[in-house]
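Notes follow the structure.
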Amino acid sequence: MNEPIPVLTLSGVTRRYSEGDGFLEILRGVNGQLWPGQAVALVAPSGAGKSTLLHIAGLLERPDGGAVAIDGWDASGLDDRARTALRRDRIGFVYQFHHLLPEFTALENVMTPQLIAGLNKAEARERAMELLDYLGLSPRAHHRPSELSGGEQQRVAIARAVANAPALLLADEPTGNLDPETAEKVFSALMTLVRATGLAALIATHNLELAGRMDRRWTLRNGLLVELE
Ligand SMILES: Nc1ncnc2c1ncn2[C@@H]1O[C@H](COP(=O)(O)OP(=O)(O)OP(=O)(O)O)[C@@H](O)[C@H]1O
């Protein structure tokens, strides 16, 4: 049998920001691996570097040192264009705020990444409807974001993030803006997708109860990644 390949490999990742005359060392050599079908919580105090790590893992930002590999592809040596292609094909993002296009319906929002990736309209529509249906949103498919509840908006954003069947889903406080009941619905939707698709998800959250229900928990301590028991 072939050895499984990690969806995300972080090797000695460092990142620092200039501050006054010196530097703020945020990541000092982060190592970690994420496997298909796993949901991993990233739990750390404010300012510890969670968003920085997600940006680097998502190839939105380059580390100062170390390497990031997606599905076994080392992104370090790639130029910006190749990094963008790798990101578009294999990574989905969910943020605290949904960032849906306000003029588009839920369905059109979910179709957009697939149309950009070159799918024809009928295929994109079919896949988008399937996803919306899966997340319990088919009755809301033709509504614009302003006509949806916060939880529905966020579930549409999740459907959009996985529309191109990425290997890796990165979520930065996806339930941070929601009341507990709605947060529960959105979290369940996320976990259902991870379980059903074999997607790997790295989810930054301050919610320890939700973190406890994921497969693994990572924290950042003094710029290093620590796996919690
Ligand atoms: N572009 C930047 N320039 C300078 N400093 C930055 C920059 N981005 C982040 N920082 C600093 O790096 C540190 C880590 O920021 P980051 O946003 O990664 O933390 P976080 O763990 O996601 O925090 P929160 O939970 O509050 O979102 C913070 O002290 C922040 O001020």
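Start at 1 and go down the list; that is how both ligands and their atoms are numbered. What you see is a predicted model; the values in this text were computed from it and never measured.
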List, for ligand 1, each N/O atom that has a protein N/O partner under 3.5 Å away, with both atom names and the distance.
from     : atom 1 : to   : atom 2 : distance (Å)
ligand 1 : 18 (O) : S51  : N      : 3.4
ligand 1 : 18 (O) : T52  : N      : 2.9
ligand 1 : 18 (O) : T52  : OG1    : 2.6
ligand 1 : 19 (O) : G49  : N      : 3.4
ligand 1 : 21 (O) : G47  : N      : 3.4
ligand 1 : 21 (O) : A48  : N      : 3.2
ligand 1 : 21 (O) : G49  : N      : 2.9
ligand 1 : 21 (O) : K50  : N      : 2.9
ligand 1 : 21 (O) : K50  : NZ     : 3.0
ligand 1 : 22 (O) : S51  : N      : 2.8
ligand 1 : 22 (O) : S51  : OG     : 2.8
ligand 1 : 23 (O) : G47  : N      : 2.9
ligand 1 : 25 (O) : K50  : NZ     : 2.7
ligand 1 : 25 (O) : H206 : NE2    : 3.3
ligand 1 : 26 (O) : S46  : OG     : 2.5

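- Checked for salt-bridge contact, E173 and K50 miss the test: no charged N lies under 4.0 Å from a carboxylate O.
- By the side-chain hydrogen bond (donor to acceptor under 3.5 Å, both in side chains) test, E184 is found to be paired with S188, R213, residues two or more places apart in sequence or in another chain being considered.
- Qualifying side-chain hydrogen bond (donor to acceptor under 3.5 Å, both in side chains) partners for R28, counting only residues two or more places apart in sequence or in other chains: none.
- Remark: R62 pairs with D80 by the side-chain hydrogen bond (donor to acceptor under 3.5 Å, both in side chains) rule, at least two apart or across chains.
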As a quick check of understanding, evaluate side-chain contact (heavy atoms from CB on, under 4.5 Å) for T219 and L42, giving each step before the final call.
CA-CA 6 Å; T219 192; L42 181 57; over 6 Å; no

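- In the hydrophobic clustering of ILVMFWY residues, with side-chain heavy atoms under 4.5 Å counting as a link, L8 and L225 come out together.
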